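First comes the structure, then the notes that go with it.
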Number of protein chains: 2
Amino acid sequence: MSARQDVGVNTSMEGHELAAWAKMLADATRATVCLALLDGRAWTATELAKRAGVSRPTISEHLNLLVDGGLLTEVRQGRHRYVKLAGPDTAELLEDLAALAPRRTEDVTNLSGASKRGAFARARTCYDHFAGRLGVALTDAMTDRGLLDWSSGVALTPAGVNWLDELGVVVEARRGRPAVRSCLDVTERRPHLAGATGAALCTHALRQGWVTRIPGGRALKVTGSMEGFGLPAGVMLDLLSRS
Amino acid sequence: MSARQDVGVNTSMEGHELAAWAKMLADATRATVCLALLDGRAWTATELAKRAGVSRPTISEHLNLLVDGGLLTEVRQGRHRYVKLAGPDTAELLEDLAALAPRRTEDVTNLSGASKRGAFARARTCYDHFAGRLGVALTDAMTDRGLLDWSSGVALTPAGVNWLDELGVVVEARRGRPAVRSCLDVTERRPHLAGATGAALCTHALRQGWVTRIPGGRALKVTGSMEGFGLPAGVMLDLLSRS
DNA sequence: GGGTTGATTAGGTGGGCGCCGAAGTGTCGG
DNA sequence: CCGACACTTCGGCGCCCACCTAATCAACCC
């Protein structure tokens, strides 16, 4: 019994901390803010207030809470307050949550309707890498060409490393961040490529002008043929349509 | 502006779902319950009430909420209600959260005190695999012997597959579950081995009697030399002490 | 300086919910 | 059958907190 008590005290304190952390996301307004910030950019308080549909004072308090909790970081510039996600690990955790959470309550077939046909589902960013049909297609193409190895988890093959090199993609390896990582796509319900390499590919494509951001959201517009990525012609036709 | 509105509506609905999910963990009592269930076993309502320090009616409501939310599953047997975590993916998400959440608020050096010296820090389960110094040491030993490849993410080498085979460890591959996975150790703050292989090794050691559970918690008592695991003598000395 | 805009503070309101004690339902044992 | 036990339902209390309006502060622009 004393052993149980000892462990009990320890774990119950952990419980408080976990709860305090989860409380940051346990509000619809704050959750909306965090998901909006998954585009990886910095937003002003007023922009977020509009997006979440609440008043400015309300969003101000929420942002205080999220910044104090370490989920967001802020930069003050003049009369503007810019906030963004604290870092890649925070973003990846959010992605996991966002992907896993609705799986239980929502019927997957619901997505086969209108949301499957928007620009959002076609191509978008997921914090700092590609998602949507573009993200999944790129991941599939890389797999088909032997650049990725999925035998256990996901890994970059030697051929994959060469390919990135030849493409001129510089992968910045930050401490503790895996080179490649699997991220569950919310619309496709299949994994796409994340991690440092996923981010580097996204940055590369944006810099090359192959894709551009559609203002006001995470959606992307595909403008180039993205030859370097080796996507099948059929996929490209889909991605370029209605743009 | 209309584009923003379109995306806004979509994302704000996602926000509601994410918030609803996070709300399940956003209470100290429920968080404590979930962390307790990380031992991978089924608990009765009364046990959890004691652990969390609340009355039976209170825990009953919390369990309803968690089961309805899909985080837990329940089995009714006679007058008992057993609950456990819904599955490995749920457990792994919880581990990630529990590992990441306190990192921001709590000073790492806090852990160098009493908690470093308990059985909990020495050897324990993390849902279905090893954690604590045992978990990290086993992972290190496997890495040193070329059984794991950490060049990008973590993967099992061919030698690793052979080793498992010779050890007689059967890894059950379930759909969508990676063979190996990295899991951040809460006390050691370093990764240890999880995934299907991690679970199989833990099951194997328990079945062989190399380790036994200390009742009332996740802590383990190391009883055998665990020759098959190839742990250094110094580590074994530490793990066996005070048992 | 005066007007505009972004952000914050203060004050007040309402709803949600975590908690308990008491009473009720079902299950097991003698 | 009749207690003992595990659990649930009910009613009510009290706190927390998300929200708004109004007012204030601060930065930018003419």
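Predicted model only: the values in this text are computed from it and were never measured. Residue numbers begin at 1 in each chain, while the letters A, B, ... track the order of the sequences.
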Margin query: To the nearest 0.5 Å, what is the distance between CG on L35(A) and NE2 on H16(B)?
Written below: 12.0 Å

Item checked: Listed partners of S55(B) passing side-chain hydrogen bond (donor to acceptor under 3.5 Å, both in side chains), at least two apart -> T58(B)

Next item on the list: List in chain and number order the residues that pass salt bridge (Lys or Arg N to Asp or Glu O under 4.0 Å) with D128(A), two or more places apart in sequence or in another chain; answer none if no residue qualifies.
Entry: R177(A)

Check: Who are the side-chain hydrogen bond (donor to acceptor under 3.5 Å, both in side chains) partners of T73(B), not counting sequence neighbours?
Finding: none

Next item on the list: Give the angle between the helix axes at the two ends of the helix from dG1(C)-dC30(D) to dG30(C)-dC1(D), taking five base pairs at each end and rounding to 10°.
Entry: 30°

List the atom pairs, with distances to 0.1 Å, where a side-chain N or O of residues 202-209 of chain A and a protein N or O form a donor-acceptor pair under 3.5 Å, not counting sequence neighbours.
residue	atom	partner	partner atom	Å
T203(A)	OG1	A199(A)	O	2.9

Notebook entry, point to check: In Å, rounded to the nearest 0.5 Å, how long is the span from CG of L134(A) to NE2 of H129(A)?
Noted result: 11.0 Å

Item checked: Nucleotides bounding contact with chain B, strand DNA chain C, heavy-atom threshold 4.0 Å -> dG18(C) to dC28(C)

Item checked: 5'-most by nearest nucleotide on DNA chain D - H80(B) or S55(A) -> H80(B)

Checklist line | Qualifying ring pair (Phe, Tyr, Trp, His ring centres under 6.0 Å) pairs, either residue in residues 47-74 of chain A, two or more places apart | finding: none

Enumerate the protein-to-nucleotides 25-28 of chain D contacts in which both atoms are nitrogen or oxygen and the separation is below 3.5 Å.
residue	atom	partner	partner atom	Å
dA27(D)	N3	R79(A)	NH1	3.2

Note to self: For the CZ atom of R51(B) and the CD1 atom of I59(B), what is their distance to the nearest 0.5 Å?
What the structure shows: 11.0 Å

Check: Hey, what do you get for OG1 (T223(B)) to CG (L240(B)), rounding to the nearest 0.5 Å?
Finding: 8.0 Å

Checklist line | Partners meeting side-chain hydrogen bond (donor to acceptor under 3.5 Å, both in side chains) with T44(B) (sequence neighbours left out) | finding: E47(B)

Next item on the list: Can you tell me the distance, in whole Å, between the CD atom of E74(B) and the C1' atom of dC7(D)?
Entry: 11 Å

Check: If you round to the nearest 0.5 Å, how far is SG of C34(B) from CG of L85(B)?
Finding: 6.5 Å

Check: If you look only at pairs with a residue in residues 61-74 of chain B, which of them pass as a salt bridge (charged side-chain N to carboxylate O under 4.0 Å, His left out), with sequence neighbours excluded?
Finding: E74(B)-R76(B), E74(B)-R81(B)

Item checked: Test item: R218(A) side-chain N/O and L37(A) main-chain N/O as donor-acceptor pair under 3.5 Å -> no

Atom pairs under 3.5 Å, N or O on each side, protein against nucleotides 16-18 of chain D: can you list them with distances?
residue	atom	partner	partner atom	Å
dA18(D)	OP2	R30(A)	NH1	3.1

Notebook entry, point to check: Is the side chain of R124(B) donor-acceptor paired with the backbone N or O of L220(B) at a distance under 3.5 Å, no angle test?
Noted result: no

Margin query: Quick check against the 3.5 Å criterion: does T29(A) have a side-chain atom that pairs as donor or acceptor with the backbone of A52(A)?
Written below: no

Between N or O atoms, less than 3.5 Å apart, protein on one side and nucleotides 22-24 of chain D on the other: list the pairs.
none

